[in-house]
Structure formats: structure tokens, C-alpha cells
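So you know, we letter chains A, B, ... as the sequences are listed, proteins then strands, and number each from 1. When reading the values below, keep in mind they use all heavy atoms of this one structure, side chains included, and skip hydrogens, waters and symmetry mates.
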Amino acid sequence: MDPTKDQLISLYRTMQTIRLFEERIVDLYARGEVPGLAHLYIGEEAVAAGVCAVLTDDDYITSTHRGHGHVIAKGTELEPMMAELFGKKTGCCKGKGGSMHIADMDRGILGANGIAGGGLPIAVGAAWSSKWRATNQVTACFFGDDSSSNGTFHESLNLASLHKLPVVFVCENNGYGISVCQAKCTPVTDVASRAVAYEMPGVVVDGNNVLEVYEAAAKAVKRARAGEGPTLIECKTYRWRGHHEGDPNQGARYRTKEEIQAWKEKCPIERFRKKMLKDRITTKKSLGKIDDDISEAISEAVKFAQESDFPAVEEMYDDIYV
Amino acid sequence: MDPTKDQLISLYRTMQTIRLFEERIVDLYARGEVPGLAHLYIGEEAVAAGVCAVLTDDDYITSTHRGHGHVIAKGTELEPMMAELFGKKTGCCKGKGGSMHIADMDRGILGANGIAGGGLPIAVGAAWSSKWRATNQVTACFFGDDSSSNGTFHESLNLASLHKLPVVFVCENNGYGISVCQAKCTPVTDVASRAVAYEMPGVVVDGNNVLEVYEAAAKAVKRARAGEGPTLIECKTYRWRGHHEGDPNQGARYRTKEEIQAWKEKCPIERFRKKMLKDRITTKKSLGKIDDDISEAISEAVKFAQESDFPAVEEMYDDIYV
Amino acid sequence: MREITYCDALNEALRQCMQEDDRVVVLGEDIGCYGGIFQVTKGLLDEFGPDRIVDTPIAEAGFVGACVGAALTGMRPVAEIMFIDFTTVCMDMIVNQMAKMHYMFGGKGRVPMVLRTNIGAGRGTAAQHSQSFHSFFAHMPGLVVAAPATPYDAKGLLTEAIKNDNPVIFVEHKRLYISKGPVPEESYTIPFGKAEIKREGRDVTIVATHALVGSALEAAEQASKEGIEAEVIDPRTLSPLDKDTILNSVQKTGRLLVADEDNKTYGFAAEISAIVAEEAIYYLKAPIIRNASPDTPVPFSPPLEKAYMFGKEALMESIRRLMAYA
Amino acid sequence: MREITYCDALNEALRQCMQEDDRVVVLGEDIGCYGGIFQVTKGLLDEFGPDRIVDTPIAEAGFVGACVGAALTGMRPVAEIMFIDFTTVCMDMIVNQMAKMHYMFGGKGRVPMVLRTNIGAGRGTAAQHSQSFHSFFAHMPGLVVAAPATPYDAKGLLTEAIKNDNPVIFVEHKRLYISKGPVPEESYTIPFGKAEIKREGRDVTIVATHALVGSALEAAEQASKEGIEAEVIDPRTLSPLDKDTILNSVQKTGRLLVADEDNKTYGFAAEISAIVAEEAIYYLKAPIIRNASPDTPVPFSPPLEKAYMFGKEALMESIRRLMAYA
Ligand SMILES: Cc1ncc(C[n+]2csc(CCOP(=O)(O)OP(=O)(O)O)c2C)c(N)n1
Ligand SMILES: Cc1ncc(C[n+]2csc(CCOP(=O)(O)OP(=O)(O)O)c2C)c(N)n1
Ligand SMILES: [Mg+2]
Ligand SMILES: [Mg+2]
């Protein structure tokens with residue numbers, strides 16, 4: 001199950017694409033080009049990259065309010081994605097959804113979700129659907145640590161385990177709700193420890209180590225495809241920026257600078273980059289080339305978004321019903 | 001913490017009151033005197049009796065759709081209770097609530113509840129309230145096995161443990177939702193095993209053994225009063241009759257006669273009665289006297305209810321607002 | 001034509017749709033061997049097995065949300081929520097997911113699911129099992145809301161709901177389950193957004209829903225004996241709403257009575273009234289009367305619950321009041 | 001009088017009520033050191049500590065239900081639900097518990113709690129963070145629904161809500177948080193069920209809520225320049241609703257415009273229209289016009305969201321339409 005060299009490079013590329021994409025959003029948001037709420041994923045890239053790397057194009061994911069990383073990792077093209085964040089007609093959702101509702105049915109992305117915990121039952125349904133339709137598809141369900149306090153977590157894990165559904169629950173534990181730290185949300189230290197309450201395996205992984213994530217996800221996906229039921233994976237990670245762009249001082253109202261700095265030193269991309277170079281998987285130069293390609297693709301996506309039209313006002317009334 | 005002789009007799013009296021009360025309801029329901037939905041508690045008496053025996057008058061309980069037992073055990077008088085089931089003006093709720101909404105603020109009964117799982121957050125609030133008001137009150141929260149599949153279970157146990165609230169969660173596991181057996185509702189065998197997910201103690205007791213229930217409840221209440229937080233107690237028991245009066249063949253659509261019979265042989269009252277006689281706590285005669293007194297009290301309650309007036313039609317518009 | 005009950009008509013619609021299309025599955029509490037609390041799913045477990053007739057735990061947000069996810073990915077699930085009162089425990093899945101996904105995703109995902117539930121007082125089940133707040137769903141853009149009043153409509157609307165690509169809140173009525181009427185054996189659909197004129201009349205328009213359609217027809221019969229001809233319109237779907245049929249009728253009769261079991265204030269009846277006040281006021285010869293449930297929770301006590309409900313008598317009184325205007 | 005923002009007015013009401021009465025506690029997400037997503041609870045944690053200003057996990061059914069239980073047992077809790085859209089995840093606790101207990105228990109228990117939340121589009125937050133379905137709560141017997149339009153009303157109504165023994169859904173408005181107006185420093189209350197005539201006029205009645213009160217006043221100023229005098233009525237509480245003030249005004253003006261941000265169909269505006277169509281139709285000189293949000297989810301794209309919203313211009317157009325009738 002060890003990733004091949006190509007796969008390793010692909011993991012890097014995914015993480016770096018997310019990082020550079022998000023960094024561009026910081027700038028675009030500050031300039032007012034990306035409106036609304038942008039919840040950035042910087043610092044958590046290894047989770048989306050590691051999990052989505054073991055999924056096929058046919059597999060499903062449900063995403064969250066902090067969904068850009070998942071969407072990129074699952075393979076949506078940057079141009080329609082960027083255009084969606086701009087609210088343009090060429091966006092994945094024709095500009096109607098924006099950051100919190102990006103979806104891409106062609107790639108099994110069943111939507112970001114503005115409701116914390118809202119994606120879990122939907123993931124259960126997608127997994128149930130592949131069981132009913134007797135396909136081999138697996139659903140990966142991303143959700144945050146604080147969202148796991150919601151009743152949907154309980155109902156969903158119970159149903160999924162009861163019916164042995166092919167779903168992988170991925171808790172992205174970045175230690176905080178918006179400003180509320182985990183210790184104020186729940187008495188448990190590990191969300192994954194709750195797996196026993198549903199008779200499913202629960203594992204904690206270093207969410208800033210893409211290979212650990214990859215490995216745990218590969219195992220869970222294998223189990224799911226074999227019809228053995230769901231797994232709960234908790235990835236310990238951290239968001240570097242505020243809850244959303246506009247959160248004052250990148251969330252320094254509720255987190256210390258030291259804490260933020262300590263996590264930055266555990267940067268998932270930097271760590272992986274170092275490891276790849278040390279293991280001689282690739283060279284600095286190749287990685288530099290990848291970075292440049294990504295930057296260029298993002299610039300093109302921005303250009304595409306900027307040059308695209310807004311939807312016509314009458315389109316407001318389209319798509320309410322089929 | 002061993003119950004005194006008086007306490008033992010009181011446990012018997014409570015269970016028998018519930019049993020005889022419910023048996024009378026069977027008859028009254030069949031005659032159409034008690035309308036609506038009557039969910040009877042026959043077979044589960046030891047749970048309410050054992051738990052409420054360790055509560056004071058000031059303590060709170062939240063009840064369920066199957067609430068007559070809890071209400072009797074917590075000390076509501078039979079007359080207003082019976083009158084409520086008849087929909088009479090003299091009922092606990094002036095006839096407005098009926099079986100599923102019996103409440104008695106004077107005895108800390110915060111209401112039966114027609115919503116499965118609806119009582120859990122309310123219990124958490126009552127417990128929080130005693131913490132805020134710095135009283136010594138404890139809240140006992142009754143709920144069924146199937147109701148524990150609801151999201152409110154998760155949210156409530158998490159909040160209660162997080163804030164170390166003085167609440168005792170009492171799961172009455174009678175093996176069924178309405179017709180759906182536990183194995184079709186959840187992969188876990190013991191609901192109490194879920195306590196670990198909330199870092200609280202979880203215990204399974206024989207819910208047909210009133211002394212076991214009593215003991216577990218006493219321990220949990222002590223812990224709660226000491227500010228050490230909640231406990232989850234699961235009482236394994238069984239309902240003898242259908243889900244509600246009117247459930248065809250006492251639920252034989254989904255349960256075998258053998259299963260029902262086997263549980264009847266574990267009758268909590270009969271077992272306790274035998275034990276008391278064996279331990280020479282009391283005599284057959286005294287128990288017979290208690291039974292007679294209870295029957296008479298129930299007859300009086302029925303008479304009271306029958307002779308009471310229905311509310312005047314205009315009263316429909318009262319009590320919507322304070 | 002053979003006559004069957006509203007309940008059996010619904011059952012037949014489910015059965016025929018399940019026979020025809022493997023993608024149709026049903027999820028709910030006690031819908032298996034129990035046959036559903038109101039027996040709407042009776043026998044389906046035997047015919048289709050536990051994979052397609054799924055008894056669920058009390059996890060409405062979980063299984064309704066699962067229906068959304070399944071619908072998005074190629075299934076056509078039907079969820080049963082035992083009483084409309086319990087839609088409150090899965091309201092997010094209805095309002096924020098089921099209703100909005102198609103729109104939020106720019107038309108790219110579809111949620112072809114049906115959520116069956118029921119309204120109505122009259123069974124002594126008090127405030128948490130007797131509500132009628134169907135107008136809330138009709139108020140939510142993105143949802144279709146069906147409201148069958150007869151066995152015929154029950155079967156045809158449910159078949160349409162299952163075959164339709166939009167999410168549908170299918171609002172049945174408790175007291176109607178045992179009502180009988182003619183129903184074709186073969187499968188058929190009734191289009192959404194087409195009201196039916198259940199009786200023609202020139203003097204007063206009654207827009208009625210659910211059980212009140214029957215009451216309105218009875219009242220109309222009686223009124224007829226008094227020389228008043230009432231037109232009874234059943235919208236059949238509350239959303240989309242067939243405004244034209246209502247407006248045309250009011251233009252003819254000049255008098256409007258709206259009869260619906262939701263609570264009066266901010267309820268269904270208000271919208272019908274407002275549409276007419278906005279678009280056909282000049283045709284009115286009288287104020288618009290609403291007969292709706294009182295603005296109180298449903299009381300348990302039998303005489304109070306009886307007073308809470310209303311039917312033919314209340315409608316007759318309103319008809320007479322309307323006719324008092326020249 | 002000093003001028004402060006709507007947000008600060010709410011903050012002051014909370015602070016004063018908490019100073020005065022130990023039973024007042026506040027629960028919600030990010031209301032502590034973060035000060036609430038809209039800063040309404042800013043500084044309260046420092047003053048009252050984490051026992052009374054309780055940051056909760058994302059467990060709305062849990063903590064709103066806990067407020068119900070606490071209110072029943074002697075506390076006066078205030079819950080903050082970050083956006084009205086999220087009331088869907090705790091709807092049972094609101095609709096079946098908070099609203100109904102007093103009634104179901106025959107008047108014997110009281111639920112003196114407040115659930116604060118907010119409505120309104122305009123911040124680019126799309127379909128799940130921009131809704132305005134306040135009429136649903138007003139539709140539920142047992143709930144008081146407050147809808148402050150000014151800083152003055154915000155403080156007075158919130159103070160009343162906290163002191164009142166009924167359960168209150170307190171509906172704030174996102175775009176108003178930064179609006180400024182005169183607010184007394186001392187504590188005061190505004191009674192429920194009393195509309196305020198924010199401007200007198202003889203030609204047309206505008207019943208407006210929330211941010212549209214401001215738009216209506218602006219439109220009235222402009223209309224005045226055209227010789228039209230509009231009366232602007234702010235109901236301030238949607239339930240109880242002050243029908244009399246509205247009916248009296250319509251009897252005077254003969255023209256009614258209702259302006260509210262809920263979706264049009266089956267929304268708030270329908271009820272106002274229906275009341276007038278039922279009780280004052282003979283005074284009307286024109287149809288009743290509703291200016292409400294379109295029947296669509298709120299779109300993300302800035303130009304679409306802008307088109308979704310409406311204000312002074314739309315109201316002016318309606319006023320002119322109404323005045324076209326003699
Ligand atoms: C039901 C619901 N309640 C509250 C919110 C507001 N909210 C948005 S994100 C968030 C915190 C989510 O924390 P977590 O699940 O840990 O995800 P993270 O933001 O840390 O990635 C909250 C409270 C919401 N969107 N939905
Ligand atoms: C939210 C909700 N869903 C469904 C129901 C219908 N219902 C009433 S009781 C019941 C089964 C409850 O089972 P359990 O919790 O085990 O309690 P028991 O009846 O066995 O005592 C169901 C499904 C309900 N009342 N509330
Ligand atoms: Mg988090
Ligand atoms: Mg049970």
C-alpha cells in the first residue's frame with residue numbers, strides 16, 4: 001500500500017496547490033474580489049490530500065464550510081472553482097453557491113456545507129446509495145472537531161456502522177470551533193475514541209503528516225470497499241489563519257501567537273518536502289517546477305474568474321426547481 | 001446505602017402502585033374513558049421505583065411518552081394524575097396535556113415528552129440550573145433505548161459531562177423502539193457502553209431488579225450531588241404490553257409469545273415480593289393490605305376523574321401565554 | 001371503479017413505484033413488519049425485503065439526511081416521518097439541504113426524494129402529535145408540497161412525487177387514511193401545480209385543503225339547498241400553487257373562503273387571501289374569510305380538541321356571512 | 001440623547017439585565033472571548049465570567065433544550081443562535097418544547113427564556129446563512145416574536161424579552177447591527193404587542209419590519225416630496241401582533257403596502273394582507289401590495305444577491321402604484 005514515487009509527488013502537488021490557492025484567496029479577499037465568507041484551509045492540507053489520494057474519481061466526498069482543500073484534492077479544476085468563489089457564471093455552481101456550497105457532481109463532490117455537521121448524514125446516504133446500487137464506491141466524509149459535538153455525528157456514525165456502509169469519517173481536528181477550544185466543547189481528548197460507541201475502528205493520526213493520513217485512509221477505504229463498514233479517522237492539525245478571512249488578527253483573540261507559531265513549524269508541506277528530498281524521491285528543482293506550474297495555473301484561474309461574467313440577474317430565478 | 005425496611009416496603013408500594021394503576025388504564029382505555037395514546041409501563045416498574053426512591057422532593061426528573069411510572073414514583077397524587085389522563089379540568093395539566101405531557105412542577109416533574117429523546121436536553125438544563133442556583137438538586141433523566149439513537153443523546157451527554165452537571169441519565173432498555181428491535185437500531189449491545197465517549201461512568205443493571213436499580217441510582221445521585229458529574233445507567237427491562245394500548249396483540253406483530261412470556265417470568269414485582277418474604281422483611285398479609293390500599297386509592301382516583309368536569313371550551317385559549 | 005382507502009391508495013403507489021424502479025427505497029420508523037404506524041407501508045417489507053424497506057432508529061436527521069445523499073447519487077428515496085411534528089428534529093436536513101442543494105449547486109445536483117408525513121388533530125394525541133404546519137414547507141423555496149385530499153389524489157400525487165426530480169414534502173392527513181374513494185388500479189400521476197375544481201359554483205369560492213375539501217363539499221351541498229352555489233377548489237399542491245384557478249374562480253364568484261387546518265395566523269390561508277387581495281380585489285363583493293385552526297397548541301382534553309377542530313358547520317356559517325354581502 | 005449602535009444597544013440590554021438579575025445567563029457559540037460573531041456579547045465574559053457567559057459546542061438542540069430546562073426551573077436564560085438558518089438544527093426544542101410547555105402543562109410551568117438570532121441577506125453568505133423565516137416562529141402559538149428595527153427598540157425589546165415570563169424568539173437583523181440611533185442609558189422596556197407609528201401620513205399605510213422600516217421612512221420622505229404622505233407602522237413584535245394600529249391606519253389611508261424580508265409566498269406579509277382583507281376590506285381604495293423577498297434561496301453571486309434584496313426604490317414604486325388608484 002506504500003505510495004509510489006508518482007503518488008508521492010502527486011501528494012505534494014495537491015498540498016501545494018491547496019496552499020497556493022488559499023494564499024491567493026487571502027489576497028483576493030482582502031481586495032474584495034472574493035466576497036462572503038472564506039474559511040481557509042492553510043495548515044491542514046495533508047488531510048484532504050492524504051484522504052483524496054486514495055479515492056477514485058467515482059468515489060464521493062462531503063465537505064464542510066472549510067472546503068477548498070477537499071474540492072481541490074478531489075480534482076475539481078481550478079478555473080470553475082475560482083470563478084465560483086468570485087460568484088461568476090462560469091463557476092462550478094454558476095455563482096450561486098460560493099465558497100460554502102462548492103459542489104462538483106462530476107467528481108463526486110456532494111457539496112461543501114454551511115451547516116456544521118450537516119454533511120455527515122448526506123455522506124451516509126451516498127454510501128448507502130452505492131450499497132443499494134451495488135457499485136464499489138466509497139464516500140469520505142470530512143467534518144471538524146467541533147462539528148462532532150452535533151447530534152448528526154451520533155446519528156450518522158450509528159447508522160453507518162449498523163448497516164456497514166462504505167464511508168470513511170474524517171474528523172479534521174484543528175483544536176477549535178470558531179474561537180472555542182476543544183476543551184470547552186467536549187470532555188474527550190480524542191474524537192476518535194468515540195468510535196467504540198459505534199463499534200467501528202477509530203484511529204488518531206498526525207494530520208500534518210500526509211503519509212500517516214494516506215495510510216490510515218487507504219486502510220479505511222479498503223475496509224469500506226470490502227463491505228466491512230465505516231472507520232473514524234481523526235487527524236490532528238491546525239488552521240494557521242483566522243476562522244475565516246476577516247477573523248481579527250488571524251484568531252489571535254483566542255489563540256496565543258506561540259501556539260500558532262508552534263504549529264507553523266509543523267507545516268505539513270514543508271515536512272513532506274524535506275522528507276522527499278532526504279529520501280531522494282525528487283529534487284529541489286523538480287519541486288520548484290511544480291510550484292511554478294501551480295502558481296501559473298492559479299493565476300490563470302484568477303484571470304479566468306476575473307474575465308468571466310457575473311450571472312444575469314434573471315438567473316436568480318433559475319434552478320430553484322428542476 | 002442499603003435500604004431500610006421502610007424503604008424496601010416503599011419500593012414495593014411504588015412498583016405495585018404503578019402496576020395496578022396501569023392495569024386499570026388498560027381497562028379504562030378499552031372502554032374509551034382514557035383517550036389518545038396510552039403507553040403503559042407494565043413490566044418496567046423497578047426502574048422508576050428504584051431511581052425515584054433515591055431522589056428528594058426537590059430533585060427533578062424528565063420523563064418520556066411512557067411516563068406514568070415516573071410520575072407515580074416521583075410522588076404525584078393519583079387523583080390529578082388520573083384526571084389528567086381523562087382530560088379533566090382537575091388534572092395535573094388541567095386536561096391540556098394528557099398522558100404524553102403529564103407534568104408536576106411541585107414535585108420536580110418537568111414533563112412527560114411526546115418527542116423521543118426530547119427530554120435529554122431539558123434534563124441537562126435543569127441540572128445546569130441547580131448548579132447556577134447553587135442548590136443541591138439532582139436531575140434524573142429517563143429515556144428509552146431507541147431514543148438513545150437520537151442526536152439529543154449525544155449533545156446532552158456531552159454537555160452534561162463537560163460541565164459536570166448533576167444529572168443521572170437512565171436508559172430504560174426494553175429492547176424495542178416501537179416495533180424495531182435494538183439490533184436494528186444500533187450495533188452496540190449496551191447503550192451504557194457509550195458512556196466512555198463522554199468520559200462518564202456507564203453501568204448496566206438488571207432493570208427488573210429494583211434493588212440493583214436502587215443501588216446504581218444511589219451511587220450516581222451521590223456522585224452528582226458531590227459535583228462529580230453525570231452517570232449513565234442502563235436498565236435492561238421489557239414492556240409486557242404493546243407499544244401503546246391499541247398496538248395489535250400487545251406487540252405480537254414483532255415479538256414472539258415466548259419472548260414476552262420469558263420476561264413475564266422475570267416480573268420485577270413478583271421477584272421483589274418473593275425476596276422480601278424470604279428475607280422476612282414483611283408478611284404476605286401486610287403486602288396484601290398494601291395492595292388493597294393501592295387498589296382503593298386507584299378506585300378513588302378513577303372516581304375522582306370520572307366525576308370531575310371537563311374544562312370549559314373557552315379554556316382552550318388559556319395558558320398559551322403567561 | 002373500485003373504491004379503496006386513502007391509506008391503501010398510498011400503499012399501492014409505493015408498491016407500484018417500487019416494482020417499476022429499483023431506485024425507490026423507503027426509510028422510516030416501524031415501516032417494516034409493523035407496516036407503518038398508519039399502515040401505509042403494510043406488506044411492502046414482505047415484497048421488497050429489508051434492504052429496500054428500511055426500519056430506522058429514531059434518528060430522523062440521520063435518515064432524512066441519508067435520503068438527501070442517496071437522492072443526490074442516483075436513488076429515489078422515500079422517507080416516512082411519523083408525524084409532521086417530528087420534522088422539527090430533522091428540519092435542517094429539509095430546509096437547508098433537501099430544499100436548497102439544487103439551487104446552491106447551480107442546478108447541477110438533483111434531490112429526487114419524497115418526505116411523507118401527516119397532519120391533523122382529532123386523535124387525542126395532544127400538542128406534539130397533532131400539528132398542521134404544512135405552510136412552513138410551502139414557504140420554503142425549493143420544496144414541492146403535496147396535500148392530497150382523496151384516495152385518487154393520494155395515489156396520483158404520490159406516484160408523481162416519486163417520479164418527479166424535485167424534493168417533495170408529501171403531507172398526508174391522519175383522519176383521511178380510512179376514507180374511501182375510487183382509485184384506478186394502474187399507475188398514474190397527477191401533475192404538480194394543478195388545482196382541481198372539486199365542485200363548480202357561481203356564488204362563493206372555497207379554497208380548501210386536506211380533510212376540509214370534504215367538509216367544503218358537504219357545506220356546498222347544504223348551501224345549495226339554500227340556493228347558494230359554492231365552488232370548491234382543492235389546490236392539491238401548496239407549492240407550486242395554482243393561482244390562476246383560484247383567481248379565475250374569485251373573478252366569477254366575488255367571494256372567497258379559505259379553509260385549511262394550519263393555525264390561522266401566518267398560515268396557509270393567509271397566502272390565498274393575500275394573493276386575491278393583491279390580484280383580484282376589485283372582483284370581491286365581501287371580505288375574505290379564513291377558516292383555520294385556532295392559534296393555540298392542540299389541547300388534549302376531548303371537548304377542547306373537538307372545539308379546536310372545525311368542519312362543515314363552521315364553513316356554512318362563513319358561507320352565510322359571505323352571502324350576506326350583496 | 002447619546003447615539004449608539006443596534007449592536008451596542010443589545011449588548012447594553014444584556015449587561016444591565018445580567019447586573020440586575022443573577023438568573024440571567026447567556027449560552028451560545030463564540031459569545032465569550034470572541035464576543036459573539038456580531039459582537040453583541042462583547043465584554044460580557046469579562047464582567048460576568050464563564051459560568052454566566054457560556055461558550056457552547058455546536059450542539060444547538062442540546063443548549064437550547066438546556067435553556068428550556070433551566071427556564072422551567074428558575075433561570076432566565078438567553079440563547080444565541082448565530083444565524084436564523086441554524087434554528088433548524090434545534091427546531092424541536094423551539095417548536096415542541098419551548099413554545100408548548102406552558103400550554104401542555106396547563107399553565108403550570110413557565111419558560112422565561114429568550115432565543116436571540118438574526119435574519120437578512122447582503123453579506124455574501126449565500127443560502128444557508130442569509131435566510132429570513134421569522135414568520136414561522138410568529139406562526140407558532142406560544143412564542144413571542146420580537147423584531148427590533150432601531151437601536152432604541154433593540155434595547156427596550158430585549159430587556160422586555162428577558163424580563164417577560166414567556167418564551168421569546170428575538171429576531172435581530174444583520175445589516176442593522178452597525179446602525180446608530182438614540183438610546184437611553186438606563187434600563188427600559190418596550191411592551192410586546194404595541195406597534196409604533198414611526199411616521200404619520202394620510203395617504204398610504206406601510207407596515208414594515210426590521211431594515212425595511214428604515215427603507216420605508218426613506219421612501220416616505222421621497223414620496224412626501226411628490227405630495228404623498230405615507231404612514232409607516234413598525235409592528236415591533238410579530239406575535240403578539242398589534243392588529244388595531246394597522247387596521248386603524250388602513251381605515252384612514254385606504255392603501256396598504258407591506259414590506260418584510262421573509263420570502264413572499266406564505267410569509268409575514270401575507271398575514272398582514274389577510275387581516276386587512278378580512279377586517280377592513282371596505283376601506284381599501286387599492287389592492288394590497290406586498291414587497292417581500294423573492295421565492296428563491298439566497299444566491300451567492302453579488303449581483304444576484306443585490307437583486308434579491310430590495311429597499312427604498314421598490315417601496316417607492318409600490319407607493320406610486322398604490323396612489324394610481326383614486
Ligand atoms: C449548525 C451550525 N451551528 C453553528 C455554525 C457556525 N459555525 C460555522 S463553522 C463553526 C465552527 C466549526 O468548527 P469545526 O467543526 O471544528 O470546523 P473548523 O472550522 O475548525 O474547520 C461554527 C460554530 C454552523 N455553521 N452550523
Ligand atoms: C422524534 C420522534 N421520533 C419518533 C417518535 C415516535 N415514537 C414514539 S415512541 C417511539 C419508540 C421509542 O422507543 P424507546 O425510546 O426505546 O422507548 P420505549 O417506547 O421502548 O419505552 C417512537 C419511534 C417520536 N415520538 N419522536
Ligand atoms: Mg475545528
Ligand atoms: Mg424501548
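When only modelled atom types and interatomic distance are considered, C:His139 and D:Asp262 share a side-chain donor-acceptor pair under 3.5 Å. There is a side-chain donor-acceptor pair under 3.5 Å between C:Asn96 and D:Thr88. For the residue pair C:Asp260 / C:His134, a side-chain donor-acceptor distance below 3.5 Å is found, with atom types taken as modelled.
Between C:Glu261 and C:Lys174, no side-chain nitrogen of the basic residue sits less than 4.0 Å from a carboxylate oxygen of the acidic one, so the salt-bridge criterion is not met. Using a 4.0 Å cut-off between charged nitrogen and carboxylate oxygen, D:Arg110 and D:Asp165 count as a salt-bridge pair.
Between chain C and the options D:Phe133, D:Phe300, D:Phe86, heavy-atom pairs under 4.5 Å are most frequent for D:Phe133. Heavy-atom pairs under 4.5 Å with chain C were tallied for D:Gly106, D:Ser135, D:Cys90; the largest tally goes to D:Ser135. Of all the listed residues (C:Val298, C:Thr296, C:Asp85), the one sharing the greatest number of non-hydrogen pairs under 4.5 Å with chain D is C:Thr296.
Evaluation of the ring pair (Phe, Tyr, Trp, His ring centres under 6.0 Å) test over residues 260-292 of chain C, restricted to residues two or more places apart or in two chains, returns C:Tyr266-D:Phe268, C:Phe268-D:Tyr266, C:Tyr282-D:Tyr325. Sorted by first then second residue, the ring pair (Phe, Tyr, Trp, His ring centres under 6.0 Å) pairs that include residues 238-263 of chain C, not counting sequence neighbours, number zero.
Only the side chain of C:Leu284 comes within contact range of chain D, with heavy atoms under 4.5 Å apart. For C:Met140, the part sitting under 4.5 Å from any heavy atom of chain D is the side chain, from C-beta outward, and nothing else.
Within residues 236-259 of chain D, the residues that have a heavy atom under 4.5 Å from a heavy atom of chain C are D:Leu238, D:Leu241, listed by number. The contact list for residues 121-131 of chain C toward chain D, using heavy atoms and a distance under 4.5 Å, reads C:Ala127, C:Gln128, C:Gln131 by residue number.
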